[in-house]
Amino acid sequence: MTTGSSLPTHKDKPLFTPGPLTTSLSVKVAMLHDAGSWHWEFNEKVRAIRERLLALAGVSRAGGFDAILLQGSGTFGVEAVFQSGVSPQGKVAVLSNGAYGERMVLMLQRARIDHVVLRTPEDVPNDPAALDALLARDPAVTHVAAVHCETTTGIVNPIADLGRVVRSHRKTYVVDAMSSFGAYPIDFEACGIDYLVSSANKCIEGVPGFSFVICRRTVLDATAGWARSLSLDLLDQLKGFEKNGQFRYTPPTHSVLAFEQALAELDLEGGIAGRAARYRTNHRVLVEGMRRIGLHGHLPEAVQGYIITSFVYPRHPRFDWPDFYKRVAEKGFILYPGKISQADTFRIGNIGRLFPSDMKAVVNAVAETLAEMGVDTAA
Ligand SMILES: *Cc1c(COP(=O)(O)O)cnc(C)c1O
């Protein structure tokens with residue numbers, strides 16, 4: 001490592017993970033500044049980012065929506081919605097088919113918020129008919145929370161079909177779109193979303209530091225006085241931005257600077273449609289390549305999204321995940337462990353600054369590693 005003003009010249013190992021992700025050099029370089037959190041130049045960037053997020057979501061302030069940035073990782077944004085958006089008498093129905101749905105349940109337990117969980121197996125999407133039946137028999141439910149792309153497996157849940165059910169029962173709809181916003185088109189009105197949560201370091205390709213919540217203003221305004229937490233009080237955070245353009249407490253300044261650049265690069269790529277096209281191609285190149293070397297995805301293709309893919313461990317006595325991971329990393333590629341309880345899998349993400357050539361390269365590294373280990377996938 002050199003000291004002084006030289007820029008990084010080496011390339012870090014690409015991250016085939018669900019975030020933080022490989023970012024462009026220009027996104028990293030955007031952070032080489034010290035921004036004053038009070039200063040009008042920084043506040044103007046925050047204002048512009050909030051506008052840009054509303055536009056990306058296809059909603060507007062005139063149409064009744066607003067965008068709130070909140071310090072912390074994505075989990076903090078989801079927890080803020082529950083901590084401040086659910087009344088003391090509220091009850092949340094959580095749709096869960098993976099670790100992030102289960103994390104919502106933990107948040108509700110910690111906050112002592114009444115809740116009910118509607119589970120499907122990790123390879124089965126959330127069930128709108130089951131939700132309809134639940135809401136019909138349990139009128140105490142006030143909120144429904146779902147995860148769009150459940151990063152645990154890479155499954156994509158039917159947020160529009162669920163949303164129609166939520167709306168027909170007049171409940172508040174919370175969507176964790178952490179690993180899909182920016183890469184999947186999401187129609188707010190068709191889905192009837194009241195709160196959507198995502199974060200800086202997923203498909204927008206910024207760096208970690210904050211989450212953001214795009215919410216229906218009338219729904220948020222009705223939450224005054226409900227917050228169980230000061231730092232996670234969403235309405236207060238929004239009022240802070242409205243009052244003086246500032247985060248209430250120290251903002252992640254470098255992360256905001258990186259995000260501004262990441263949004264510009266998303267535009268250059270053709271917005272959500274352009275990014276979706278690259279990720280879809282990445283996913284196809286990956287899955288086809290892995291299939292060619294005898295490795296298969298865990299999910300049925302019909303429910304597999306194009307963000308991250310779980311691959312089943314080769315059934316061979318010489319396969320050992322820690323050794324495999326280390327060898328692939330030594331070749332320069334960072335994979336991700338599986339998180340599924342029902343199957344032995346590892347994951348390969350194809351989001352972030354990755355291209356089809358990177359996907360081909362990681363497949364080659366996997367093939368070489370299996371050969372080195374003496375793992376025969378044809379067995
Ligand atoms: C990444 C992710 C989160 C948030 O995780 P953090 O580690 O807090 O950023 C939440 N939900 C989903 C679906 C995610 O992919």
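All residue numbers refer to positions in the sequence shown, counting from 1. On a predicted model such as this, the values are computed, not experimentally measured, just so you know.
- Salt bridge K239/D236: absent, no basic N to carboxylate O contact under 4.0 Å.
- The structure places OG1 of T75 at 4.0 Å from CZ of R103, a figure rounded to the nearest 0.5 Å.
- A salt bridge does not link R275 with E265: none of the charged nitrogens is closer than 4.0 Å to a carboxylate oxygen.
- Side-chain contact between Y195 and F82 is absent, with no heavy atoms from C-beta onward closer than 4.5 Å.
- Salt bridge annotation for R291-E301: present, with a cationic side-chain nitrogen under 4.0 angstrom from a carboxylate oxygen.
- Considering only heavy atoms from C-beta on, C215 stays 4.5 Å or farther from L196 through its side chain.
- Rounding to the nearest 0.5 Å gives a distance of 9.0 Å between CG of N201 and OG1 of T17.
- Grouping the Ile, Leu, Val, Met, Phe, Trp and Tyr side chains by contacts below 4.5 angstrom, directly or via other members, places I204 with V46.
- E102 and S96 form a side-chain donor-acceptor contact under 3.5 Å, judged by distance and modelled atom types alone.
- Across F76 and L232, no two heavy atoms sit closer than the pair O-CD2, 3.8 Å.
- The CZ atom of F212 lies 10.5 Å from the CG atom of L54; values are rounded to the nearest 0.5 Å.
- Although no hydrogens or angles enter the test, the distance criterion places a donor-acceptor pair under 3.5 Å between the side chain of Y279 and the main chain of G352.
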Passes side-chain contact (heavy atoms from CB on, under 4.5 Å), H115 versus V117? Steps please.
CA-CA 7 Å; H115 57 279; V117 191; 4.2 Å; yes
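- The shortest heavy-atom contact between L266 and L56 is CD2-CD1, 3.6 Å.
- The aromatic rings of F65 and F188 sit perpendicular to each other, their planes meeting at more than 60°, with 30° as the lower class boundary.
- Hydrophobic clustering, with ILVMFWY side chains joined whenever heavy atoms are under 4.5 angstrom apart, groups I186 together with I214.
- By the rule that hydrophobic residues join a cluster once side-chain heavy atoms approach within less than 4.5 Å of another member, V81 and F181 end up as members of one cluster.
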Please evaluate residues V59 and I193 with respect to the criterion side-chain contact (heavy atoms from CB on, under 4.5 Å), reporting the C-alpha separation (whole Å), side-chain torsions for both, the decisive distance (0.1 Å), and the verdict. CA-CA 11 Å; V59 296; I193 297 172; over 6 Å; no
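- Between V366 and I293 the shortest side-chain heavy-atom distance falls below 4.5 Å.
- Using a 4.0 Å cut-off between charged side-chain N and carboxylate O, D233 and R248 make no salt bridge.
- Checked against D194 for a side chain to side chain donor-acceptor pair (under 3.5 Å), the options R216, R217, K171, R167 give a single hit: R216.
- Comment: E205 does not engage K28 in a salt bridge, judged by the lack of any side-chain N to carboxylate O separation of less than 4.0 angstrom.
- Note that CG of L234 and CD1 of I68 are 4.5 Å apart. Values are rounded to the nearest 0.5 Å.
- A cation-pi contact, defined as under 6.0 Å to the ring centre and within 45° of the axis, is absent between R47 and F241.
- Using cut-offs of 30° and 60° on the angle between ring planes, the pair Y313 and F319 is tilted.
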Exercise. Could you walk me through whether M359 and T281 pass the side-chain contact (heavy atoms from CB on, under 4.5 Å) check?
Worked result: CA-CA 9 Å; M359 307 319 292; T281 307; over 6 Å; no
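- A distance of 10.0 Å separates NZ in K360 from CD in E288, rounded to the nearest 0.5 Å.
- Residues L53 and A67 come closest through the heavy atom pair CB-CB, 4.3 Å.
- Looking at L69 and F247, their side chains come closer than 4.5 Å, going by heavy atoms from C-beta outward.
- Across all their heavy atoms, P14 and L354 have their closest contact at CB-CD2, 3.8 Å.
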Less than 3.5 Å apart, which donor and acceptor atoms pair up between the side chains of residues 105-112 and the rest of the protein, not counting sequence neighbours?
from : atom 1 : to   : atom 2 : distance (Å)
R112 : NH1    : R110 : O      : 3.4

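- Side-chain atoms of Q237 and E242 form no donor-acceptor pair, as typed in the model, at a separation below 3.5 Å.
- The shortest non-hydrogen separation linking W226 to P88 is CD1-CD, 3.9 Å.
- S255 places a side-chain N or O within donor-acceptor distance of the main-chain N or O of P208, the cut-off being under 3.5 Å.
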Taking it one step at a time, do R164 and D161 satisfy salt bridge (charged side-chain N to carboxylate O under 4.0 Å, His left out)? CA-CA 5 Å; R164 269 187 287 280; D161 294 341; 2.4 Å; yes
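- The main-chain N or O of A129 is found under 3.5 Å from a side-chain atom of D127 such that the two form a donor-acceptor pair.
- Using a cutoff of 4.0 Å between basic side-chain nitrogens and carboxylate oxygens, R353 and D358 are not scored as salt-bridged.
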With salt bridge (charged side-chain N to carboxylate O under 4.0 Å, His left out) as the test, would you mind laying out the steps for E330 and K13 before giving the verdict?
CA-CA 9 Å; E330 279 162 3; K13 292 183 179 70; over 6 Å; no
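- Note that CG of N282 is 5.0 Å distant from CG of N350, once rounded to the nearest 0.5 Å.
- In summary, the side chains of H283 and T309 do present a donor paired with an acceptor at a separation below 3.5 Å, with no hydrogens or angles considered.
- Residue V213 is grouped with residue L220 when hydrophobic side chains (ILVMFWY) are merged at heavy-atom distances under 4.5 angstrom, including chains of intermediate members.
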Compile the donor-acceptor pairs under 3.5 Å between side chains in residues 34-42 and protein atoms, sequence neighbours left out, one pair per line.
from : atom 1 : to  : atom 2 : distance (Å)
H39  : NE2    : E41 : OE1    : 3.1

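- R61 has a carboxylate O that lies under 4.0 Å from a charged side-chain N of E51, or vice versa, which qualifies the two as a salt bridge.
- Among F324, F333, Y336, F16, the one residue that satisfies the ring-ring contact (aromatic ring centres under 6.0 Å, His included) test with F346 is F324.
- Side-chain contact of Q83 with R228: a donor-acceptor pair under 3.5 Å is absent, judged by distance alone.
- For the pair L21/L15, no side-chain contact is recorded, criterion being any heavy-atom separation below 4.5 Å from C-beta on.
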For residues 131-151, which side-chain donor-acceptor pairs fall under 3.5 Å, sequence neighbours excluded?
from : atom 1 : to   : atom 2 : distance (Å)
D132 : OD1    : H169 : NE2    : 2.6
D138 : OD1    : A140 : N      : 3.2
D138 : OD2    : K91  : NZ     : 2.7
T142 : OG1    : K91  : N      : 3.0
T142 : OG1    : K91  : O      : 3.0
H143 : NE2    : G85  : O      : 2.9
H148 : ND1    : S180 : OG     : 2.7
E150 : OE1    : Y100 : N      : 3.4
E150 : OE1    : T152 : N      : 3.2
E150 : OE1    : T152 : OG1    : 2.5
E150 : OE2    : Y100 : N      : 3.2
E150 : OE2    : G101 : N      : 3.1
T151 : OG1    : C149 : O      : 3.4
T151 : OG1    : S179 : OG     : 2.9

